[in-house]
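Since the structure comes first, as structure tokens, the remarks are kept for the end.
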Amino acid sequence: MREAIAEAMAAEAHDDVPIGAVVVRDGEIIARGHNRREVDRDPTAHAEILALRDAAQAVGSWRLDGCTLYVTLEPCAMCAGAMVLARLPRLVFGADDPKAGAVGALYDIPRDPRLNHNVEVVRGVLGDACGAPLRAFFRAQRA
């Protein structure tokens with residue numbers, strides 16, 4: 001998770017919301033991502049989506065068997081859906097997102113029994129450390 005936090009700081013460096021993600025397989029980081037919506041002018045350039053895309057390239061398949069995604073903030077509906085579609089086995093996230101979270105806050109897409117794949121979820125890992133940059137970022141936006 002500390003590597004995902006480092007990715008979040010990279011997003012903040014170009015005025016994007018500080019969210020970071022890494023994909024781990026067999027104990028090694030195979031992909032990284034951080035929010036790039038502002039710099040890329042792309043509404044889908046979320047940390048999770050970018051990390052999942054790079055992981056698929058590293059694995060050589062859209063199926064991310066054996067991978068775990070670590071992300072600093074509870075994923076949104078788009079990102080949670082992408083995890084299901086990628087057949088991601090496991091998600092670990094830090095801070096909860098009560099306004100847009102789709103892994104328990106508003107919805108629970110990765111564990112919805114109606115879908116053809118479910119993702120194991122671990123929440124709250126380094127939650128305070130993951131949430132602090134987000135709180136500071138939005139505090140500065142409001143100032």
Side-chain angles (χ1 to χ4, degrees), residues 1-112 115 117-143:
M1 186 61 79
R2 293 192 194 287
E3 291 294 324
I5 293 169
E7 283 295 319
M9 297 301 92
E12 188 174 37
H14 51 75
D15 295 326
D16 263 294
V17 177
I19 300 170
V22 296
V23 178
V24 174
R25 187 175 195 199
D26 297 328
E28 295 198 24
I29 295 174
I30 62 167
R32 297 171 177 271
H34 59 268
N35 272 13
R36 293 185 52 89
R37 293 183 309 167
E38 297 296 334
V39 72
D40 290 351
R41 295 182 179 99
D42 179 354
T44 68
H46 288 204
E48 302 95 318
I49 296 296
L50 299 174
L52 291 172
R53 286 178 185 163
D54 285 353
Q57 291 299 308
V59 169
S61 173
W62 61 268
R63 289 183 183 92
L64 297 181
D65 298 326
C67 293
T68 299
L69 174 68
Y70 292 83
V71 63
T72 56
L73 182 67
E74 178 181 355
C76 70
M78 175 183 69
C79 295
M83 291 172 216
V84 171
L85 295 174
R87 308 300 191 268
L88 185 79
R90 188 166 184 252
L91 163 69
V92 178
F93 73 88
D96 290 337
D97 185 353
K99 293 184 178 181
V103 186
L106 301 178
Y107 314 100
D108 198 352
I109 293 169
R111 295 178 286 198
D112 189 323
L115 299 176
H117 176 77
N118 290 143
V119 179
E120 175 191 348
V121 175
V122 177
R123 68 187 294 171
V125 174
L126 296 178
D128 289 337
C130 291
L134 289 159
R135 287 187 296 276
F137 178 84
F138 287 113
R139 192 175 315 116
Q141 295 291 312
R142 290 188 295 272

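FYI, side chains are in, hydrogens and waters are out, and symmetry mates aren't considered; it's all heavy atoms of this structure. We number each residue from 1, following the sequence as shown.
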Side chains of V71 and H46: closer than 4.5 Å at any heavy-atom pair? no
Under the salt bridge (charged side-chain N to carboxylate O under 4.0 Å, His left out) test, which residues partner R87, sequence neighbours left out? none
Compare every heavy atom of R135 with every heavy atom of D128, then report the nearest pair and how far apart it is. O-NH2, 3.6 Å
For I5 and A129, which heavy atoms make the closest approach, and how far apart are they? CD1-CB, 3.9 Å
Does E74 use its side chain to pair, donor to acceptor, with the backbone of V103 at less than 3.5 Å? yes
I'd like to know if the side chain of H34 reaches the main chain of M9, judged simply by a donor and an acceptor atom lying under 3.5 Å from each other, with no hydrogens or angles considered. no
So, do V17 and F138 sit near enough that their side-chain heavy atoms are less than 4.5 Å apart? yes
For D40, which residues count as a salt bridge (charged side-chain N to carboxylate O under 4.0 Å, His left out) partner, sequence neighbours excluded? R36
What donor-acceptor contacts under 3.5 angstrom involve side-chain atoms of residues 92-101, with partners at least two apart or in another chain?
unit_1: D96; atom_1: OD1; unit_2: R123; atom_2: NE; d: 3.3
unit_1: D96; atom_1: OD1; unit_2: R123; atom_2: NH2; d: 2.7
unit_1: D96; atom_1: OD2; unit_2: R123; atom_2: NH2; d: 2.9
unit_1: D97; atom_1: OD1; unit_2: K99; atom_2: N; d: 3.2
unit_1: D97; atom_1: OD1; unit_2: A100; atom_2: N; d: 3.2

Would you say that D65 contacts P89 through its side chain, given a criterion of any heavy-atom pair below 4.5 Å between the two side chains? no
Once you round to the nearest 0.5 Å, how far does CD of E3 lie from CD of E7? 8.0 Å
How many angstroms lie between atom CG of L91 and atom CZ of R111, to the nearest 0.5 angstrom? 8.5 Å
Would a 4.5 Å heavy-atom cut-off, applied to side chains only, mark L73 and C130 as touching? no
Flag side-chain contact, heavy atom, 4.5 Å: D54 against V23: no
R37 and P43: which non-hydrogen atoms are nearest, and at how many Å? CD-O, 3.8 Å
Tell me whether the count of non-hydrogen atoms from other residues, nucleotides or ligands lying under 6.0 Å of CD in E28 goes above 12. no
Between I109 and M83, is there a side-chain heavy-atom distance shorter than 4.5 Å? no
When you measure from the side chain of N35 to the backbone N and O of G20, does any donor-acceptor pair fall under 3.5 Å? no
With rounding to the nearest 0.5 Å, note down the distance linking CD1 in I30 to CG in L64. 6.5 Å
Interatomic spacing from CG in L52 to SG in C79 - rounded to 0.5 Å: 7.5 Å
Check P75 against A80 and note the closest heavy-atom contact, atom names and distance. CB-N, 4.2 Å
Out of curiosity, L88 CG to N118 CG, how far, rounded to the nearest 0.5 Å? 12.0 Å
Using 0.5 Å steps for rounding, measure from the CD atom of E48 to the CG atom of L69. 6.5 Å
So, for A82 and I49, which heavy atoms are closest and what is the spacing to 0.1 Å? CB-CD1, 3.6 Å
Where do P110 and V121 come nearest, in terms of heavy atoms and distance? CB-CG2, 4.2 Å
Any chance CZ of F137 has more than 12 other-residue heavy atoms, nucleotides or ligands included, within less than 6.0 Å? yes
